[in-house]
Amino acid sequence: MLSELRIENFAIIDRLTLSLRQGLIAFTGETGAGKSIILDAIAAVIGGKVEPAMIRAGADRALVEATFTLPGEVRAAVHEILMREDLLDDPDTILLSREIRREGRSVARVNGRAVSAGLMRELGSFLVDIHGQSEHLSLLNVREHIHLLDRFAGLQELLEDYRSEYQRLQGIRRELEKLRQIEAEAERRTDLLTYQLQEIESARLRVGEDEELRKERDRLANAENLASLAQQSLTLLDEGTPDTPALSDLAGQLVQLLHGMVRMDASQSDLLEQAQTLAELASDLSRSLQTYLDGIEFNPRRLAQVEERLDVIHKIQRKYNGSIESALAFAEKARAELETIAHATERIAELEEEETRALQELSARARTLSERRKEAAARLEKAVERELSDLSMNGARFAVDFRTDPDPEGISLPDGSRVAFDALGFDRVEFLIAPNLGEGLKPLVKIASGGETSRLMLALKNVLAQADYVPTLIFDEIDQGIGGRVGAVVGEKLWQLGRRHEVLCVTHLPQLAAYGDLHFSVRKSVHEGRTTTQVQALEEEERLTELALMLGGVNPANLTAARETRLSAQQRMQELAVKI
């Protein structure tokens with residue numbers, strides 16, 4: 001719920017910080033003082049439309065910041081959005097801010113990071129309902145009606161059982177669809193996979209074979225050059241040239257010379273050992289070269305075989321993802337798919353039987369859900385109409401409309417028809433209202449705005465208090481067209497709603513304001529030629545003065561009436577608290 005609101009340079013508000021809490025919070029003051037401006041600021045910070053005209057004259061920008069604490073009912077939904085957008089900081093609170101700039105741009109931020117206004121509206125829909133501005137009213141979202149009805153009816157456990165069977169059926173249908181696609185193209189697919197598998201298997205691939213063959217091809221293709229180079233090397237080692245003695249002879253002479261030197265100077269024996277090692281290395285090198293030379297093969301036929309084998313491997317590699325490993329993996333998958341195709345018809349028959357049984361079970365659960373919903377809808381209709389009667393809307397009617405959509409593949413009903421279904425069952429639910437006697441029932445989304453709408457919403461909110469998870473509710477214009485007696489009833493209803501929600505209400509009726517858990521007085525003041533809104537949290541005696549002003553002015557008679565109004569409200573709240 002909204003725990004702190006900070007506003008800067010917004011309309012006639014210079015700077016304002018409000019600390020709020022759960023309960024009924026009343027805002028009172030003369031017309032034009034800025035009460036509705038506060039609500040406009042809240043609307044802006046949850047993604048409402050903004051424009052430069054909202055900026056206080058003489059300022060370059062306006063800023064609204066709102067800190068919300070997250071009660072358990074909405075925490076999971078808000079966390080899901082924040083984690084999706086990588087915006088989650090404090091698990092218990094969320095900070096929304098909206099900056100409106102003179103040049104026409106606005107910046108929305110969540111937990112200090114810039115976001116789109118759309119994301120802010122998505123989050124705001126879980127946090128605030130503004131009654132009187134339908135774009136922020138969750139009850140005007142038809143898709144939400146079935147959820148409200150289910151929570152009112154206490155169908156969570158039954159709905160979970162249905163959803164479990166629904167997910168099982170969806171899994172069966174997904175597998176069936178896949179197998180039917182396989183079956184539909186089985187012959188073509190089988191021919192293709194068989195050809196590909198045979199092509200890979202006939203190549204008899206071995207991992208690493210291509211590298212070995214490339215090395216062998218290089219040796220065969222360069223056999224003549226390799227033999228020539230090896231022979232020249234042997235000649236230098238063992239035979240030498242007319243002008244140059246053999247390297248092995250030179251190494252032998254070096255050993256003899258160093259023998260003579262060591263006999264005269266034993267300290268140089270290491271040099272003799274190195275010379276002997278050199279002579280031995282020359283001898284080993286000569287033998288290795290001779291062995292290599294003897295092994296060089298001048299074999300054009302083998303070269304052709306190697307080239308042909310490499311060509312086969314390269315073709316396979318090009319067709320099957322570039323390597324022997326990937327070709328072998330493709331072959332394994334092809335075998336598995338051929339096995340699946342071979343058993344597809346048998347498996348389809350099994351799944352079709354499973355689908356029939358699952359659909360029958362789902363149909364039974366969906367019908368039970370629908371029956372329970374209709375029982376709850378009858379209770380809901382009566383409860384809402386009682387609330388409307390209390391609010392001086394005696395002729396108003398409320399109804400829950402149920403309909404279904406035909407679907408030949410859907411759930412079967414007792415009359416033999418089949419209807420579409422989803423994760424919530426087959427019911428399509430919408431709340432209908434007839435605000436005045438003699439009018440036909442109309443969808444809730446089409447009712448007129450203003451105080452009448454707010455009272456309708458108050459009636460619904462009171463009945464659905466336990467089912468409605470939006471923590472902060474704002475009522476504007478709710479006292480339009482009603483008198484003091486009904487105002488007291490509205491105040492009582494709002495106070496009851498405040499036991500489960502944070503309820504902000506702008507009112508001109510002292511009988512309503514008397515029920516506030518918090519009471520803010522909103523006043524205009526002029527300083528140095530500038531009009532500014534001032535908001536003051538009232539203590540008990542200050543509240544009595546404010547109520548007297550609302551009754552017509554501060555005088556002994558109105559103060560006495562204010563005291564009686566407040567006392568009456570307090571006594572009624574005590575009576576209600578015992579029942580709660």
Side-chain angles (χ1 to χ4, degrees), residues 1-69 93-102 106-112 120 124 127-128 130-133 136 471-477 502-508 513 516-539 542-543 545-546 549-550:
M1 61 191 63
L2 181 59
S3 57
E4 184 174 276
L5 178 67
R6 189 164 71 88
I7 305 172
E8 291 183 8
N9 297 322
F10 191 89
I12 60 172
I13 296 176
D14 181 12
R15 276 180 173 75
L16 175 63
T17 300
L18 296 178
S19 295
L20 307 170
R21 58 180 171 82
Q22 182 176 318
L24 173 57
I25 303 170
F27 290 86
T28 62
E30 61 187 18
T31 301
K35 301 183 297 298
S36 293
I37 293 173
I38 296 172
L39 305 191
D40 291 340
I42 296 174
V45 86
I46 57 171
K49 294 178 182 178
V50 296
E51 53 188 25
M54 293 176 170
I55 302 172
R56 180 173 167 79
D60 294 326
R61 65 176 191 126
L63 177 66
V64 184
E65 289 186 342
T67 301
F68 291 88
T69 56
T93 64
I94 179 175
L95 174 65
L96 305 184
S97 67
R98 193 78 179 272
E99 183 181 341
I100 310 164
R101 297 176 179 172
R102 181 66 68 184
S106 73
V107 180
R109 290 187 175 87
V110 174
N111 290 334
M120 183 167 274
L127 300 171
V128 179
I130 300 180
H131 301 262
Q133 299 190 42
H136 293 297
T472 299
L473 311 177
I474 298 176
F475 288 88
D476 193 12
E477 303 177 333
E502 177 185 49
V503 182
L504 280 63
C505 179
V506 171
T507 181
H508 296 279
D517 296 292
L518 286 177
H519 189 158
F520 288 99
S521 173
V522 184
R523 292 282 180 269
K524 284 192 300 187
S525 65
V526 179
H527 180 67
E528 295 181 354
R530 298 291 302 278
T531 301
T532 302
T533 293
Q534 305 288 331
V535 180
Q536 179 186 359
L538 302 179
E539 299 297 334
E542 294 169 324
R543 292 187 69 166
T545 302
E546 181 75 5
L549 280 171
M550 297 173 74

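All values below were derived from every heavy atom in this structure, side-chain atoms included, with hydrogens, water molecules and symmetry-related copies excluded.
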Notebook entry, point to check: So how far is it from Leu2 CG to Ile25 CD1, rounded to the nearest 0.5 Å?
Noted result: 7.5 Å
Next item on the list: Kindly say whether Asn9 contributes a backbone atom to a donor-acceptor pair with the side chain of Asp14 at under 3.5 angstrom?
Entry: no
Next item on the list: Considering non-hydrogen atoms only, spot the tightest contact between Ala44 and Phe10 and give its length.
Entry: CB-CE1, 4.5 Å
Next item on the list: Locate the shortest heavy-atom distance separating Met54 from Val50; write the atom from each residue and the value.
Entry: SD-CA, 3.7 Å
Item checked: Minimal non-hydrogen separation, Arg102 against Gly58, with atom names -> NH2-N, 4.1 Å
Check: Can you tell me how far CE of Met120 sits from OG of Ser97, rounded to the nearest 0.5 angstrom?
Finding: 5.5 Å
Notebook entry, point to check: Donor-acceptor pair, Lys35 side chain versus Gly29 backbone, under 3.5 Å?
Noted result: yes
Note to self: Side chains of Met1 and Leu20, heavy atoms from C-beta outward: is any pair under 4.5 Å?
What the structure shows: no
Next item on the list: List for me each residue that meets side-chain hydrogen bond (donor to acceptor under 3.5 Å, both in side chains) alongside Glu30, sequence neighbours excluded, and say none if there are none.
Entry: none
Check: What is the minimum heavy-atom distance between Val522 and Phe27, and which atoms define it?
Finding: CG2-CD2, 4.1 Å
Next item on the list: Nearest 0.5 Å please: distance from the OG1 atom of Thr31 over to the NE2 atom of His508.
Entry: 4.5 Å
Next item on the list: Step by step, work out the side chain to side chain contact (heavy atoms under 4.5 Å, CB included) result for Val45 and Val128.
Entry: CA-CA 10 Å; Val45 86; Val128 179; over 6 Å; no
Check: Hey, what do you get for CG (Leu504) to CZ (Phe475), rounding to the nearest 0.5 Å?
Finding: 10.5 Å
Note to self: Could you check whether any side-chain heavy atom of Gln536 comes within less than 4.5 Å of a side-chain heavy atom of Leu538, counting everything from C-beta outward?
What the structure shows: yes
Note to self: Going by salt bridge (charged side-chain N to carboxylate O under 4.0 Å, His left out), name the residues that satisfy it together with Glu546, two or more places apart in sequence or in a different chain.
What the structure shows: Arg523
Next item on the list: State, yes or no, whether a side-chain contact exists between Ile46 and Leu96 at a heavy-atom distance under 4.5 Å.
Entry: yes
Checklist line | Side chain to side chain, Leu63 and Arg6, heavy atoms closer than 4.5 Å | finding: yes
Item checked: Audit row: Leu5, Ile38, side chain to side chain contact (heavy atoms under 4.5 Å, CB included) steps and yes/no -> CA-CA 9 Å; Leu5 178 67; Ile38 296 172; 4.0 Å; yes
Next item on the list: Working to the nearest 0.5 Å, report the span between OG1 of Thr532 and CD1 of Ile12.
Entry: 7.5 Å
Notebook entry, point to check: Side chains of Leu127 and Thr472: closer than 4.5 Å at any heavy-atom pair?
Noted result: no
Next item on the list: Applying salt bridge (charged side-chain N to carboxylate O under 4.0 Å, His left out), name anything that partners Arg101, two or more places apart in sequence or on another chain.
Entry: Glu99
Checklist line | Side-chain heavy atoms of Asp476 within contact of Ile130, under 4.5 Å | finding: no
Check: From Ser3 OG over to Ile94 CD1, what is the distance, rounded to the nearest 0.5 angstrom?
Finding: 11.5 Å
Margin query: I'd like to know if the side chain of Arg98 and the backbone of Ala43 have a donor-acceptor N/O pair within less than 3.5 Å.
Written below: no
Next item on the list: Evaluate the side-chain proximity of Arg61 to Glu8: yes if any heavy-atom separation is below 4.5 Å, no if none is.
Entry: yes
Item checked: Heavy-atom pair with the smallest gap, counting every atom of Ser19 and Leu518 -> O-CD1, 4.4 Å
Next item on the list: State, with a plain yes or no, whether a side-chain heavy atom of Thr533 is found less than 4.5 Å away from one of Leu16.
Entry: no
Check: Between Ile7 and Ala41, which heavy-atom pair has the shortest distance, and what is it?
Finding: CD1-CB, 3.6 Å
